[in-house]
Amino acid sequence: MINFAKFEIIGRIGEIDAKPKVTNISVCANYRRRAEGDQWIEDSYWNRVVIFSDGQRKYIDEKAQVGDLVRIAGRLRDTSYERDGTTHYTTDRIVEEFGVLAAKAA
């Protein structure tokens, strides 16, 4: 039996931060929720994902830009690190699938 933790995000790119061995991307996903008085409002949430694959990083460098609508899927990984004597816990979203669905509106 295979066990796994996966995620999927469809949203617009807010920032691309390419470093020598890793690329971080922030993606905004919008949720609709009911507010007071039966009004529906947009509830935006920013997600940060990490890309290690050289092929995906090249694709992003050549094809993706801020504002593009993208679909991203991958795996979740919990990690921890020590800083100033305090343990910090994080959940990494590691990209396994990346695709541009629509270019940024002109």
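- Looking at residues two or more places apart in sequence or on another chain, you find a side chain to side chain contact (heavy atoms under 4.5 Å, CB included) between R75 and I94, E96.
- Membership of an apolar cluster is not assigned to W46, as no side-chain contact below 4.5 Å to another ILVMFWY residue is traced.
- Residues satisfying the side-chain hydrogen bond (donor to acceptor under 3.5 Å, both in side chains) test with E42, not counting sequence neighbours, are none.
- Among residue pairs with one or both ends in residues 66-93, those qualifying as ring pair (Phe, Tyr, Trp, His ring centres under 6.0 Å) are Y81-H88; sequence neighbours excluded.
- Membership of the apolar cluster around I25 extends to F7, I9, I13, I16, V27, V49, I51, Y59, I60, V66, V70, I72, L76, V95, F98, V100, as traced through chained side-chain contacts below 4.5 Å between ILVMFWY residues.
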Which pairs would a plain distance check flag for residues 31-38, meaning a side-chain donor or acceptor within less than 3.5 Å of a matching protein atom at least two apart in sequence or in another chain?
| unit_1 | atom_1 | unit_2 | atom_2 | d |
| --- | --- | --- | --- | --- |
| R33 | NE | D43 | OD2 | 3.4 |
| R34 | NH1 | D38 | OD1 | 3.4 |

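- The main-chain N or O of R48 is found under 3.5 Å from a side-chain atom of R93 such that the two form a donor-acceptor pair.
- Closest approach of R57 and P20 over heavy atoms only: NH1-O, 3.4 Å.
- Counting non-hydrogen atoms of other residues, nucleotides and ligands closer than 6.0 Å to CD of E62 gives a total above 12.
- Applying the side chain to side chain contact (heavy atoms under 4.5 Å, CB included) criterion to R12, with sequence neighbours excluded, gives L69.
- Applying the side chain to side chain contact (heavy atoms under 4.5 Å, CB included) criterion to K21, with sequence neighbours excluded, gives no partner residue.
- A salt bridge (Lys or Arg N to Asp or Glu O under 4.0 Å) check over residues 80-92, counting only residues at least two apart or in different chains, returns the pairs R77-D92.
- For F4, there are no ring pair (Phe, Tyr, Trp, His ring centres under 6.0 Å) partners, not counting sequence neighbours.
- Donor-acceptor pairing under 3.5 Å is lacking for the side chains of T87 and S80.
- Under the side-chain hydrogen bond (donor to acceptor under 3.5 Å, both in side chains) criterion, T86 pairs with no residue at all, not counting sequence neighbours.
- Atom NZ of K63 has 12 or fewer heavy atoms from other residues, nucleotides or ligands within 6.0 Å.
- In this structure S44 satisfies the side chain to side chain contact (heavy atoms under 4.5 Å, CB included) test together with C28, N30, sequence neighbours excluded.
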